[in-house]
**Q** 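Before we start, here is the structure in question, set down as structure tokens.
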Amino acid sequence: MSRWYSPMWQNGLKSMAQINDYNIMKTTFLNTKITVAVLFLAAFSNVTAQKKEADTAETKDIDEVIMTGVFDKRTRMNAPVAISVLKSEVIEKQVPVSAADLLKNVPGVYVNSSLGEIRNNVSSRGISAGSSDGTFAYEYISMQEDGLPVTNTTYYNYGPDFFLRADATISQIDAVRGGPASITAANAPGGIFNYISKTGGNKFGGEIRAKYGIQGANNSGYHRIDANFGGPLGDNWFFNVGGFYRYDLGARYAGYPFNNGGQVKANIVKKYNKGSLKVFLKYLDDRNGYAQLIPTRNYTAPEPAEGFSSSSSLLIPELQYNSPDFIHGGNVDYNSGRLVSNKYRSVGLNWDHNLGNDWKLFFASKYSDNDVVQNSVGNSFLTSLDDMTSYFLVGGLGIGTYSFKDALTGQELASVNATLGVGGLPVYQITKNQLPGQSIQNNSFAMSALNFYENKVKESMNQLTINKKWNHMNFSFGGYYGYSDVWRFSGINGIGLTTLENRPRMLTVSLTGVTTLDFTKPGVYQLTNNDGFAQAAGSTGDLIEFKAKQQQGAVFFGHTWDITDHLTLDWGIRYEKVWIKGDNTRTYLFSDKNGGTDSNIFTLYNNNALTKLTNVAYSRQLENFSYSAAVNYKFNNNVAIYARYSKGSKSPDLDMFFAANRPETIDLLNPQSRKTQQVEMGFKTKTTYFDAFITPFYSLLSNIPYSFMADDGKGGFYTTPSLYNKNETYGIELETNIKPADNFSIRAVLTLQDPKVKEGYLWNLGSAGPSDDTVSSYSGTTIAYTPKIMAHVTPNLKIGKAYGFVTWSYMGKREGSNTNIYKLPGFSQFDLGIGYNLNENISMLVNVNNVFNKYGVMSYQRPGTLQQQLAGFENFTQAEYNSAVANNTPYFTIAIPPTSGYFTVTYKF
């Protein structure tokens, strides 16, 4: 039975020694611009006044007024909510990998930003989809801008961080973990993370930031300009406009820019006697890459394999590859240098109005038009010159002599003779091997799928809330409506064959002999084109078009009652209904004996032809009911406690509907809502010199689906019935700000948790189709990719106009799968910042991230044959792991970014 190719390969490389002259010229030009900007800003130092206001030793973080996760504005001390508030002064002193990376400052939140700006993984309190990267990364949380979701729908390789960037326009980030998130926001039982924009004040002001960075061992350039301006327009009108532009070669330089683009955000506010109206706009046009896993040695203390470092890249060179579009006609155009192109256009409004007699209305609305075109390379897989699977995948299975050549120079690097063996299967004899990287694994090269995804999503989100204050009570009720029109076109656009080295070279492959297509036609068969691209054989490279319309309607009610000056009751409910309707079109391809596109049987790289197109339609409705209740007791203005119980429910993401794309599987589509339960207590205290927020919690996530697509050994496919699992987590969160003196402070967050699989089941596939499949249990194991310890501590010191800080972050060890075969080791990371305020307007800051260049592994790809690697880590057995450790077998890992340094000059006025 074969199942290894199904999920990854159905839906998902110019010389690497050559540095693009255009990149060098552009980098030099940008270096000049940064230098000019620095000199320009420094010139103001002689004409601006010295800073006059001294800092006080009093901490004020716990007195912040919050608006996220509550139905009425309250201070953190008075709100029974586990919420953290990250102000702009904390945010602007960091150089985060991504917008999500800033959430490492929040207790209880796990962030994996090792891939880069996009495809991060964010979860809280063990409520996770269990993904090792950004594939299914935001299913249980809501990433928001100004109170509404960035996007109302998520699915495989499409999520909010494609469109969310932190820049000078951000005023603060509100981070709510669990609790009332289930009832105050859509799709958010795990938490709400609200990025709130600045608005204009009574005086015109703003800031400009110029940043230059050196990243990794290759000293890859980072260049960025941020700006934000705001102020009055007269007659109680105010404006704010800002954004950023960034040109980044990447800490793991691939030979072309890794991140390039920016955004513009603007808002205009009208204040009047009974309220205010804010209209906001956003336009983002950004191109982003995500890092590749690299060859690794050692399982207890992982380190890059010989010839590789934490700055290495396995991305292919910048090349163009076209293949037929069997659904719409024409070609699918793939350009590896394009990486992931993200565009986001939105317009929205917030209307706050006093209706009189203690009635208030708040209406928020947003329309967005989103595009994502992804020309990426899937993770590289280590394969062998004598592995039959390699030749099968590219439609080149045959008998004769294979020749592997450098695509740029034409030099032959390897040759293999294939003859018929016992049972009619090929037997391979390697007659030449001059491939690089052979000390890592002999006779090996790399294969990568050219993943192509095109997404067009149009969305409307609207929320109306009405508040009524009566005596010591606040009543809130309202509704939410979200509409998403989703179109997605995806598949494998080809397969890249490369050498096993940093910035690999493309390999061309030819076969002199015959193939299984037609044993009567000997000749020279080209498995790849001249650039080293092969075509995924037959239906291994199917294309799929998805169309879906999702409507989400909800009504909610909240009640807050200040029973006494000390005791507050807070509770609420939410009823939600989701309608999802769509259809999926799939190609069924075969390797054409007549030669495919060019009618030439000897060019296997364009040999696919269309067998048939199928279309399956679906329409489903789901209902969800959530509730949450809490009591808060304030002993005095400095000490308070609360207790809360919450039960949440949300519909599954669109992945489940897109996965049902075959006529033989559509009837098995039976989506079940995800269920969460949380119990938490909070202890809050503040003094003149410190504040602390301690939150013990328990969370239970139910209805986690597990199923698998497999072939039946008869040329057909089937999907195993869904198994539904449960995860539970006990933990405690700590957040504190300590300021014993005017010039010294410490901010610290700590998470201790015990994440367990309460009920876990998986399918063991037999050899005769579904009839001999069995279910095994892994209940009681530790949840994958969920650390038991996370810490983030930042002491700050001021001496006159200078200041400095060091951030120590600790990521505890994590299980690499729910079956607990391999643990990713824990590690510490140190970040350094040293700044100087020339005056009240101009400041300079030097940041060094990952000071000691720690190779902190965040995720991995199991060792083994190509077939075993594709099967995934849930099928990694204890015997296979023990053998890999004993033989120091190489595997693939992705770690935190290497040491990088940044210099920033900021001018505020």
**Q** When you measure from the side chain of Ser114 to the backbone of Asn112, do you find a donor-acceptor pair of N or O atoms at a distance under 3.5 Å?
**A** no
**Q** Looking at Asn335 and Gly337, would you say the former's side chain and the latter's main chain have a donor-acceptor pair under 3.5 Å?
**A**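 Checking the backbone N and O of Gly337 against the side chain of Asn335, a donor-acceptor pair under 3.5 Å is found.
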**Q** Charged N to carboxylate O below 4.0 Å: is that the case for Glu145 and Lys282?
**A**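 The answer is yes: the pair qualifies as a salt bridge.
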**Q** If the threshold is 4.0 Å, N to carboxylate O, is there a salt bridge linking Glu728 and Lys726?
**A**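 Looking at Lys726 together with Glu728, the answer is no, because their closest N to O distance does not fall below 4.0 Å.
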**Q** Testing Glu459, Gln551, Gln552 for side-chain hydrogen bond (donor to acceptor under 3.5 Å, both in side chains) with Ser484, which one passes?
**A** Glu459
**Q** Is it the case that the side chain of Asp146 and the backbone of Ser197 share a donor-acceptor pair, with hydrogens and angles ignored and the cut-off at 3.5 Å?
**A**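 Confirmed, Asp146 side chain pairs with Ser197 backbone.
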**Q** For the residue pair Tyr785 / Asn818, report whether a side-chain donor-acceptor contact shorter than 3.5 Å exists.
**A**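 Absent: no donor and acceptor within the cut-off.
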**Q** Please name the residue in the list Lys343, Arg488, Arg345 that meets the salt bridge (charged side-chain N to carboxylate O under 4.0 Å, His left out) test with Asp371.
**A**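 That would be Arg345; it is the only one of Lys343, Arg488, Arg345 passing the salt bridge (charged side-chain N to carboxylate O under 4.0 Å, His left out) with Asp371.
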**Q** Determine, stepwise, if the pair Arg119 / Asn157 fulfils side chain to side chain donor-acceptor pair (under 3.5 Å).
**A** CA-CA 7 Å; Arg119 299 185 76 243; Asn157 270 342; 2.8 Å; yes
**Q** Looking at Tyr761, is its backbone amide N or carbonyl O close enough to the side chain of Asn725 to form a donor-acceptor pair, meaning the two atoms are under 3.5 Å apart?
**A**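 Yes, Asn725 side chain to Tyr761 backbone: donor-acceptor pair under 3.5 Å.
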**Q** Are the side chain of Ser539 and the backbone of Asp542 linked by a donor-acceptor contact shorter than 3.5 Å?
**A** no
**Q** Would a line drawn from the ring center of Phe658 to the ring center of Tyr155 be shorter than 6.0 Å?
**A** yes
